[in-house]
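Pasting a structure below so you can have a look.
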Amino acid sequence: MRFTDNAVAQWHAQQQLRLSPAWKLLQGAPWTVAFLRSAFTASKQRVPLETFHADLADFMKELREENLSLNEAWQASHYADSWVRGQFLSRPMVDGKFFYEPTAGTARVLAFIDTLTGNRTNLNSSRLSTLLNSIETLSAQSDPNPESRIATLEAEIAERESELAALRAGASPAVLSDDSAVAATRSVLDLAAGLPADFKRMRDGVEVMLHSIRQEIMESSVTKGVAVGQVLAGDKALRGTAEGETFQGFTEFLNDPVQQARFRQSINEVLERDFTDQLSSEERGNLASLLREMRRQAGEVHAIYGRLSESLHAYVQSAEFKESVLLRKAIHAAEQAVASAVLGSRTGIVEPLLYSPEFETLAGLGIFNPEDHVPPPKLAAPPALSGADIHRTPVTPAPDMPRLHAAVEHARQIRNGSATLHEVYASLPSELQHINTIRGLILAARSSDNSVDPEHSETLTFTQIDGSTRTARVPLFTFTKDSAS
């Protein structure tokens with residue numbers, strides 16, 4: 001029965017996998033995966049929207065030349081939109097610009113395909129050494145017996161002292177061969193390749209919680225205590241996953257400046273070794289940007305946590321506001337009930353049930369006397385304004401077209417029948433050298449079919465209302481005809 005239960009559980013998991021975007025991506029067109037593998041790397045997890053569309057358009061053009069069947073009505077943006085709808089890609093906005101990035105499922109698919117299409121094996125001496133060290137560390141750290149822990153530490157100390165003595169005696173240190181060092185470096189990069197998917201799944205989980213709390217705010221279907229409890233329970237479950245533990249471990253690493261310094265120093269030292277020449281430029285770039293990329297992805301998770309906290313705070317605030325509204329309505333209803341109570345009945349004055357005061361005299365009621373009212377002082381008269389107090393807002397004057405046409409004709413006469421717009425503008429007095437004059441000269445040149453050379457340009461200087469000087473770059477206009485015609 002245990003085998004059967006396990007098989008049934010695996011079958012249900014397989015059914016869920018076949019409905020996932022990752023499975024659909026694997027079953028999709030091979031050129032889709034090929035483009036995504038080229039567009040995104042370990043050091044380039046985000047591509048600007050315009051760059052992504054341009055690269056995809058060039059790739060589709062190459063595919064059509066190879067007679068690959070594509071939707072002729074679809075452009076690059078249509079395919080990108082379909083990938084976002086299919087949850088192959090996400091399209092976040094960062095600093096006011098849209099970017100494309102692979103989802104957590106897509107990142108895992110691309111990493112999986114890399115392992116299938118790569119020529120190198122995943123099993124090497126570096127990985128075996130890492131496996132052995134990990135097992136030894138796990139065995140030592142999980143051992144509750146203090147005597148065995150002491151024996152293990154003493155053995156490590158003896159080994160280190162023996163190595164120190166040999167080095168001090170002039171022995172050469174044992175150095176990895178170039179091939180082994182390259183394999184070890186690639187093992188590190190393979191381990192780091194799985195981190196982006198873990199961070200994305202962590203971020204997506206927090207996004208789901210953020211969406212749920214916003215729905216609670218809009219619907220107010222549960223009490224605030226239940227909503228907060230749901231978010232805390234969801235966060236606890238999320239942090240208990242493998243991705244949550246990865247994120248928590250990296251957060252602890254970010255909070256330790258000593259470890260960060262050691263990490264950076266080790267990466268810089270590795271990049272200075274001669275064996276790194278055997279690595280590709282992409283692998284060296286991934287290694288150099290490893291810490292920066294992980295910090296960026298962790299920062300995004302922290303930013304979403306910040307938005308979740310803000311939404312939760314807003315929800316609690318909104319719930320408290322609604323409770324205060326209900327309380328005010330209850331108080332108002334009680335006051336109306338007291339005001340409508342019958343006074344002077346057989347039993348005397350009916351005491352209000354809400355406050356139940358004990359009056360000894362009528363003065364205790366605080367009856368209002370109109371003679372005690374002191375009117376407030378009159379407001380001061382508004383200041384009187386004269387015509388001198390009215391100021392017009394300065395504006396740039398309209399172009400003086402008669403003077404501009406005359407200036408064009410004068411410039412043509414002294415220059416053998418041809419003058420550029422810059423020459424006409426320079427001949428004008430300073431009070432006419434403003435932006436509207438430039439517009440007027442351009443209008444005069446276009447309306448009279450004068451020569452326009454868009455390949456060349458001229459720079460004109462004009463003065464603004466505030467006295468500042470600016471420049472305008474306009475195409476090369478040459479007046480050869482009557483501008484007033």
Side-chain angles (χ1 to χ4, degrees), residues 44 46-55 57 77 91-101 292 295-296 299-300 303 306-307 310 379-485:
K44 188 177 67 174
R46 277 183 178 162
V47 179
L49 182 143
E50 296 79 6
T51 304
F52 188 88
H53 288 175
D55 293 342
S77 59
R91 189 161 48 200
M93 176 179 285
V94 181
D95 298 332
K97 295 182 180 179
F98 282 105
F99 288 79
Y100 285 104
E101 66 177 15
R292 182 179 67 251
R295 287 180 64 90
R296 181 189 67 79
E300 291 179 356
R307 294 204 299 271
E310 292 174 359
L379 297 176
L385 299 177
S386 62
D389 297 317
I390 301 175
H391 301 278
R392 293 184 177 274
T393 302
V395 296
T396 303
D400 191 345
M401 298 307 296
R403 295 184 64 178
L404 297 185
H405 291 311
V408 170
E409 295 306 314
H410 177 71
R412 287 180 54 209
Q413 291 177 2
I414 64 177
R415 290 177 173 80
N416 298 324
S418 176
T420 65
L421 189 147
H422 181 274
E423 292 170 344
V424 176
Y425 182 78
S427 66
L428 294 172
S430 59
E431 64 270 11
L432 292 182
Q433 291 184 350
H434 50 73
I435 185 63
N436 285 339
T437 293
I438 298 176
R439 293 170 177 162
L441 289 174
I442 294 175
L443 179 63
R446 288 187 178 276
S447 61
S448 56
D449 295 331
N450 282 286
S451 174
V452 180
D453 184 3
E455 300 297 330
H456 297 83
S457 62
E458 292 181 313
T459 302
L460 308 180
T461 302
F462 63 93
T463 303
Q464 297 193 122
I465 298 173
D466 58 2
S468 60
T469 302
R470 299 191 65 181
T471 57
R473 187 177 295 275
V474 299
L476 179 60
F477 289 92
T478 304
F479 290 96
T480 58
K481 302 178 181 179
D482 185 5
S483 63
S485 60

Q: Taking all non-hydrogen atoms of both residues into account, name the closest pair between Ala444 and His405 and its distance.
A: CB-CE1, 3.9 Å

Q. Who passes salt bridge (charged side-chain N to carboxylate O under 4.0 Å, His left out) against Arg415, sequence neighbours left out?
A. Glu423

**Q.** With Arg91 via salt bridge (charged side-chain N to carboxylate O under 4.0 Å, His left out) - residues at least two apart
**A.** Asp81

Q | Residue pair Ala411 / Ala419: nearest heavy atoms and the distance that separates them | A | CB-CB, 3.7 Å

Q) At their closest point, which heavy atom of Ile442 faces which heavy atom of Phe477, and how far apart are they? A) CG2-CZ, 3.9 Å

Q | Minimum heavy-atom distance between Leu441 and Phe479, given as atom pair plus value | A | O-CZ, 3.6 Å

Q: State which residues pass side chain to side chain contact (heavy atoms under 4.5 Å, CB included) with Pro48; sequence neighbours excluded, sorted by chain then number.
A: Glu50, Thr51, Phe99

Q) What's the spacing between Leu432 CG and Leu404 CG if we round to 0.5 Å? A) 7.0 Å

Q) Mind checking what makes ring pair (Phe, Tyr, Trp, His ring centres under 6.0 Å) contact with His53, not counting sequence neighbours? A) Tyr100

**Q.** Atom pair CD1 (Ile438) and CG (Leu421), whose distance is rounded to the nearest 0.5 Å
**A.** 8.0 Å

Q. Which heavy atom of Ala407 sits nearest a heavy atom of Ser427, and at what distance?
A. CB-OG, 4.4 Å

Q: For Asp453, enumerate each residue passing the side-chain hydrogen bond (donor to acceptor under 3.5 Å, both in side chains) test, keeping only those at least two apart in sequence or located in another chain.
A: His456

**Q.** By side-chain hydrogen bond (donor to acceptor under 3.5 Å, both in side chains) - contacts of Ser468 (at least two apart)
**A.** Gln464, Asp466

Q: Return the set of residues passing side chain to side chain contact (heavy atoms under 4.5 Å, CB included) with Ala426 (not counting sequence neighbours), or none when no residue passes.
A: none

Q. Which value, rounded to the nearest 0.5 Å, describes the distance between Leu460 atom CG and His434 atom NE2?
A. 13.0 Å

Q: Please list, chain by chain and in numerical order, all residues satisfying side chain to side chain contact (heavy atoms under 4.5 Å, CB included) with Ser430, sequence neighbours excluded.
A: none

Q: Name all residues meeting the side-chain hydrogen bond (donor to acceptor under 3.5 Å, both in side chains) criterion together with Glu458; count only those two or more places apart in sequence or in a different chain, and write none if there are none.
A: Thr420

Q: Can you measure from CZ (Phe462) to CZ (Arg470) and round to the nearest 0.5 angstrom?
A: 5.5 Å

Q | Partner set under side-chain hydrogen bond (donor to acceptor under 3.5 Å, both in side chains) for Arg439, not counting sequence neighbours | A | Asn436

**Q.** Test side chain to side chain contact (heavy atoms under 4.5 Å, CB included) applied to Glu431 - qualifying residues, sequence neighbours left out
**A.** Arg403, Pro429

**Q.** Short side-chain to backbone donor-acceptor contact, Tyr425 and Thr437, under 3.5 Å
**A.** no

Q: Check whether any side-chain N or O of Glu101 sits under 3.5 Å from a backbone N or O of Pro92 as a donor-acceptor pair, and report yes or no.
A: no

Q | Criterion side-chain contact (heavy atoms from CB on, under 4.5 Å) on Val452 and Leu476, from CA distance to verdict | A | CA-CA 6 Å; Val452 180; Leu476 179 60; over 6 Å; no

